[in-house]
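Structure, as structure tokens:
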Amino acid sequence: MRPDDANVAGNVHGGTILKMIEEAGAIISTRHCNSQNRERCVAALARVERTDFLSPLCIGEVVHASAEITYTSKHSVEVQVNVTSENILTGVTKLTNKATLWYVPLSLEDVDRVLEVPPVVYSRQEQEQEGRKRYEAQKLERMETKWRNGDIVQPVLNPEPNTVSYSQSSLIHLVGPSDCTLHGFVHGGVTMKLMDDVAGIVATRHCKTNVVTASVDAINFHDKIKKGFIITISGRMTFTSNKSMEIEVLVDANPVLTNTPKRYRAAAAAARKLPLAKNPVHVESQSCAVLVSQC
């Protein structure tokens with residue numbers, strides 16, 4: 001980990017770690033989906049289950065992300081990713097992150113066509129049954145978040161301190177070639193990094209101290225984002241306790257280069273941030289009319 005991977009206090013950005021996790025998952029998923037003599041494809045991120053940040057990462061540590069396929073359905077792959085860090089001066093290693101991700105294989109010839117996934121061999125029968133339950137559960141949750149796609153973060157002029165409007169933030173990003181996969185669509189990890197950046201700004205504005213990501217609730221990717229699109233990442237506070245903050249983050253895409261541009265919801269999530277100081281966090285209850293604990 002280098003200085004440009006971390007914040008001003010030397011803690012590695014949660015978004016940097018999320019990007020590494022997604023890259024590891026994309027590699028193993030794409031490799032598996034092309035393991036048989038079938039039409040070539042690339043795995044696209046569809047959903048990230050809750051990600052816990054078990055231990056902070058610091059500048060100078062070596063990070064290793066290992067991925068394992070834990071379940072396959074007809075059109076999706078479940079991947080478990082573990083992140084460990086090593087202090088190269090002392091040799092001490094520790095588990096810092098665990099995450100579960102779902103990918104779908106998209107044809108290289110037709111990006112709107114989802115291909116079938118080669119089956120995986122399970123070491124025991126219970127693994128397949130447990131995986132099927134997780135698959136059905138995540139599919140239902142993805143559908144639930146689609147119903148909320150009309151929800152947007154509205155700017156407020158001269159907001160009062162310690163309100164949701166006071167700390168809410170937005171970031172506008174033009175998608176370039178370096179953000180994209182072989183398809184010309186944005187990497188899921190790039191989107192997650194931008195989402196964490198916005199959540200960090202919201203949390204810092206609210207408590208005015210250094211913050212770190214503690215966990216990320218499920219992130220659902222509803223639609224692809226193409227090269228040349230403009231994406232708006234919006235974040236707002238939805239809940240606070242004495243020691244943590246929950247921020248909802250929404251990603252909207254706008255195909256400005258087309259003749260009929262139409263803004264749409266591309267992804268949504270909620271993240272929990274911890275302030276690294278003794279200052280309590282507080283938000284007026286009347287500002288929390290919209291509470292999303294899991295998106």
Side-chain angles (χ1 to χ4, degrees), residues 1-8 11-31 33-34 40-48 51 57 59 61-67 77 79 81 83 97 99 101-112 169-201 213 216 219-235 249-258 261-269 271:
M1 293 288 99
R2 301 181 181 277
D4 55 355
D5 297 318
N7 60 19
V8 293
N11 305 116
V12 174
H13 290 292
T16 300
I17 302 168
L18 289 170
K19 188 171 183 289
M20 293 175 56
I21 290 173
E22 196 278 329
E23 288 174 349
I27 290 171
I28 193 172
S29 300
T30 301
R31 183 181 293 159
C33 293
N34 288 286
R40 294 305 172 197
C41 63
V42 64
L45 182 63
R47 175 180 167 89
V48 182
T51 304
L57 285 168
I59 296 172
E61 292 183 327
V62 175
V63 180
H64 178 250
S66 59
V77 182
V79 179
V81 179
V83 179
N97 299 83
L101 307 91
W102 292 88
Y103 290 85
V104 293
L106 301 180
S107 169
L108 286 175
E109 297 179 0
D110 181 1
V111 295
D112 293 322
S169 304
S170 296
L171 184 153
I172 299 176
H173 179 75
L174 175 63
V175 177
S178 62
D179 299 322
C180 298
T181 66
L182 298 174
H183 275 123
F185 295 104
V186 176
H187 284 285
V190 171
T191 305
M192 289 195 291
K193 187 177 187 305
L194 293 172
M195 295 171 76
D196 183 78
D197 289 345
V198 170
I201 293 171
T213 305
V216 179
I219 305 176
N220 289 301
F221 292 82
H222 300 300
D223 209 340
K224 299 182 289 294
I225 305 171
K226 293 183 179 180
K227 180 176 63 177
F229 280 25
I230 290 177
I231 53 177
T232 302
I233 304 97
S234 304
V249 183
L250 308 174
V251 179
D252 295 311
N254 189 358
V256 293
L257 299 180
T258 63
K262 184 179 179 181
R263 184 174 172 137
Y264 63 91
R265 178 63 41 79

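Residues: numbered from 1 along the sequence shown.
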For this session: Side-chain contact test, heavy atoms from C-beta onward, threshold under 4.5 Å: evaluate it for D5 versus H13 and give yes or no.
Result: no
For this session: Start with the C-alpha distance between I231 and L194, add both sets of side-chain angles, then the distance that settles side-chain contact (heavy atoms from CB on, under 4.5 Å), and finish with yes or no.
Result: CA-CA 10 Å; I231 53 177; L194 293 172; 3.9 Å; yes
Exercise. Is there a side-chain contact between Y264 and I225 (heavy atoms, below 4.5 Å)?
Worked result: yes
Exercise. What pair of heavy atoms forms the shortest contact from V198 to S169, and how long is it?
Worked result: CG1-O, 3.8 Å
Exercise. Is there a donor-acceptor contact under 3.5 Å linking the side chains of N254 and R263?
Worked result: no
Exercise. Quick one: are V216 and V48 in side-chain contact, heavy atoms under 4.5 Å?
Worked result: no
Problem set entry | CG on D197 to CD1 on I233, rounded to 0.5 Å | 8.5 Å
Exercise. Hey, are the side chains of V12 and E61 touching, using non-hydrogen atoms and a 4.5 Å cut-off?
Worked result: no
For this session: Can you establish whether the number of heavy atoms outside K224 located under 6.0 Å from its atom NZ is more than 12?
Result: yes
Problem set entry | Gap between atom CG of L45 and atom OG1 of T191 - 0.5 Å precision | 8.5 Å
Seminar exercise, completed: Closest non-hydrogen atoms of F221 and A267, given as atom of the first, atom of the second and distance, are CD2-CB, 4.0 Å
Exercise. Which pair of non-hydrogen atoms, one from A67 and one from V81, has the smallest distance, and what is that distance?
Worked result: CB-CG2, 3.9 Å
Exercise. What is the distance from atom NE2 of H64 to atom CE of M20, rounded to the nearest 0.5 Å?
Worked result: 9.0 Å
Problem set entry | Smallest separation among heavy atoms of L174 and G228, with atom names | CD1-O, 3.6 Å
Exercise. Shortest non-hydrogen contact from A65 to V83?
Worked result: CB-CG2, 4.3 Å
Problem set entry | Within-4.5 Å side-chain heavy-atom neighbours: V175 and K226 | no
Exercise. Got a second to check how far I17's CD1 is from D196's CG, nearest 0.5 Å?
Worked result: 8.5 Å
For this session: Could you check H173, H187, K193 and say which one makes a side chain to side chain donor-acceptor pair (under 3.5 Å) with D179?
Result: H173
For this session: Could you walk me through whether M195 and L18 pass the side-chain contact (heavy atoms from CB on, under 4.5 Å) test, one step at a time?
Result: CA-CA 10 Å; M195 295 171 76; L18 289 170; over 6 Å; no
Exercise. What are the two closest heavy atoms between T30 and A43, and how far apart are they?
Worked result: OG1-N, 3.0 Å
Exercise. For R31, does the CZ atom sit with more than 12 other heavy atoms under 6.0 Å from it, leaving out its own atoms?
Worked result: no
Problem set entry | Validation row: L101, R47 side chains within 4.5 angstrom (heavy atoms) | no
Problem set entry | Spacing of CD1 belonging to I21 relative to NZ belonging to K19, to within rounding of 0.5 Å | 12.5 Å
Exercise. What is the distance from atom CG of D4 to atom CE of M1, rounded to the nearest 0.5 Å?
Worked result: 9.5 Å
For this session: Decide yes or no on side-chain contact (heavy atoms from CB on, under 4.5 Å) for N34 and C41, but give the supporting numbers first.
Result: CA-CA 7 Å; N34 288 286; C41 63; 3.9 Å; yes
